[in-house]
Amino acid sequence: MISIKNLTVRRGKRVIVSAFNAEISAGSITAITGPNGCGKSTLLAALAGDLAYEVGSVTFSGREVETLSLIEQAALRSVVMQTRNYWLAFTAREVIAMGQDASALSRIDQVMKDLEITPFADQAATTLSGGQAQRVDIARALVRDSAIYLLDEPLSAQDSTSKARTIEVLKKMRDNGKTIVVIAHIEESGLAWCDQVIDFL
């Protein structure tokens, strides 16, 4: 499904990702691990098509990411980035619904139930805890019926119960044929739920 070949990404004068190679199978969960500041988030942005790469290629089912239009990219993958900033008092449900099509809107209640967002669905996003806000961001991606989901440290702000619940949701999606890439700042021993772990050094 995802083929990464000789990928090199530069920010300014600094090379952040250098000659990186990986193959990610369809219908799998892949975790990319590594120390803080090693370039994992930059790699994910390149996979999403949000950041241009200098050398190499990223292909989704044989299609080069850089040749896809923004509409095609949006239809193919959903992304959860590490940073979020809610500064208007929309409710959690309204944040999840923003910009979604009718198909995604029809899945909101189920996804909120799966991630246990329903109890604070009508609470202003500006008042949510870090873990609650992170689940809202995850829900925004999961309501979309994409082939690929790219998640940057989706468990970082979660308590143990929320982590377990989110992992079960991702495993169910994998079992339904979705391809999931997770940036994880977790020891490999805690990633037994993943099909592949890539140590990004």
Side-chain angles (χ1 to χ4, degrees), residues 1-2 29-30 32 40-52 58 60 63 65-159 161-174 176-185:
M1 166 62 77
I2 304 176
I29 300 175
T30 295
I32 299 176
K40 302 185 299 296
S41 295
T42 295
L43 172 63
L44 196 78
L47 298 187
D50 294 334
L51 184 63
V58 176
F60 294 165
R63 302 183 69 190
V65 169
E66 287 197 331
T67 69
L68 300 176
S69 68
L70 291 177
I71 292 174
E72 288 173 321
Q73 289 178 12
L76 186 59
R77 88 295 183 265
S78 292
V79 184
V80 178
M81 301 309 292
Q82 194 175 150
T83 57
R84 68 196 63 82
N85 182 22
Y86 300 141
W87 55 278
L88 294 175
F90 291 103
T91 66
R93 181 189 294 272
E94 288 171 335
V95 170
I96 296 168
M98 284 181 188
Q100 308 288 7
D101 61 18
S103 178
L105 291 173
S106 71
R107 287 188 288 273
I108 287 180
D109 286 339
Q110 185 61 54
V111 171
M112 287 197 305
K113 180 180 177 182
D114 292 342
L115 294 172
E116 285 207 355
I117 291 171
T118 308
F120 55 88
D122 297 319
Q123 185 174 330
T126 52
T127 67
L128 300 179
S129 70
Q132 290 172 331
Q134 189 171 55
R135 273 184 277 161
V136 168
D137 268 12
I138 294 169
R140 275 186 55 76
L142 300 195
V143 295
R144 301 187 56 207
D145 187 21
S146 303
I148 298 168
Y149 296 84
L150 306 172
L151 298 90
D152 194 350
E153 297 203 32
L155 306 177
S156 62
Q158 305 298 316
D159 59 33
T161 300
S162 294
K163 283 181 182 178
R165 183 185 306 110
T166 301
I167 288 168
E168 287 306 310
V169 171
L170 296 179
K171 287 165 61 177
K172 183 177 179 180
M173 292 172 57
R174 181 268 315 277
N176 287 329
K178 303 302 184 181
T179 303
I180 301 165
V181 179
V182 177
I183 300 297
H185 199 59

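For clarity, every value in this text was computed on a predicted model and none was experimentally measured.
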CD1/Ile71: more than 12 non-hydrogen atoms of other groups inside 6.0 Å = no

[X] [atom1] to [Y] [atom2] distance, which is reported to the nearest 0.5 Å:
X      : Y      : atom1 : atom2 : answer
Gln123 : Arg93  : CD    : CZ    : 13.5 Å
Ile180 : Leu151 : CD1   : CG    : 7.5 Å
His185 : Glu153 : NE2   : CD    : 6.5 Å
Ile138 : Ser78  : CD1   : OG    : 12.5 Å
Leu43  : Ile183 : CG    : CD1   : 6.0 Å
Gln110 : Ile108 : CD    : CD1   : 12.5 Å

Do [X] and [Y] come within less than 4.5 Å of each other through their side chains, counting heavy atoms only?
X      : Y      : result
Val65  : Leu47  : no
Leu150 : Val80  : no
Ile2   : Ile148 : yes
Val136 : Phe120 : yes
Ile167 : Leu155 : yes
Asn176 : Met173 : no

Donor-acceptor check, side chain of [X] to backbone of [Y], threshold 3.5 angstrom: yes or no?
X      : Y      : answer
Arg77  : Ala48  : yes
Gln100 : Arg140 : yes
Glu94  : Thr91  : yes
Lys178 : Ser146 : yes
Arg144 : Asp101 : no
Gln134 : Ser129 : no

Salt bridge check: are Glu116 and Arg135 linked by an N-O gap of less than 4.0 Å?
-> no

Are the charged groups of Asp159 and Arg165 less than 4.0 angstrom apart, N to O?
-> no

Of the non-hydrogen atoms in [X] and [Y], which two are nearest, and what is the gap between them?
X      : Y     : result
Ala139 : Ile96 : CB-CD1, 3.7 Å
Gln73  : Leu68 : NE2-O, 3.4 Å
Val181 : Leu44 : CG1-CD1, 4.3 Å

Could you please spell out the steps behind the side-chain hydrogen bond (donor to acceptor under 3.5 Å, both in side chains) verdict for Ser103 and Arg107?
-> CA-CA 7 Å; Ser103 178; Arg107 287 188 288 273; 3.0 Å; yes

Steps toward side chain to side chain contact (heavy atoms under 4.5 Å, CB included) verdict (Leu142, Tyr149) | CA-CA 8 Å; Leu142 300 195; Tyr149 296 84; 3.8 Å; yes

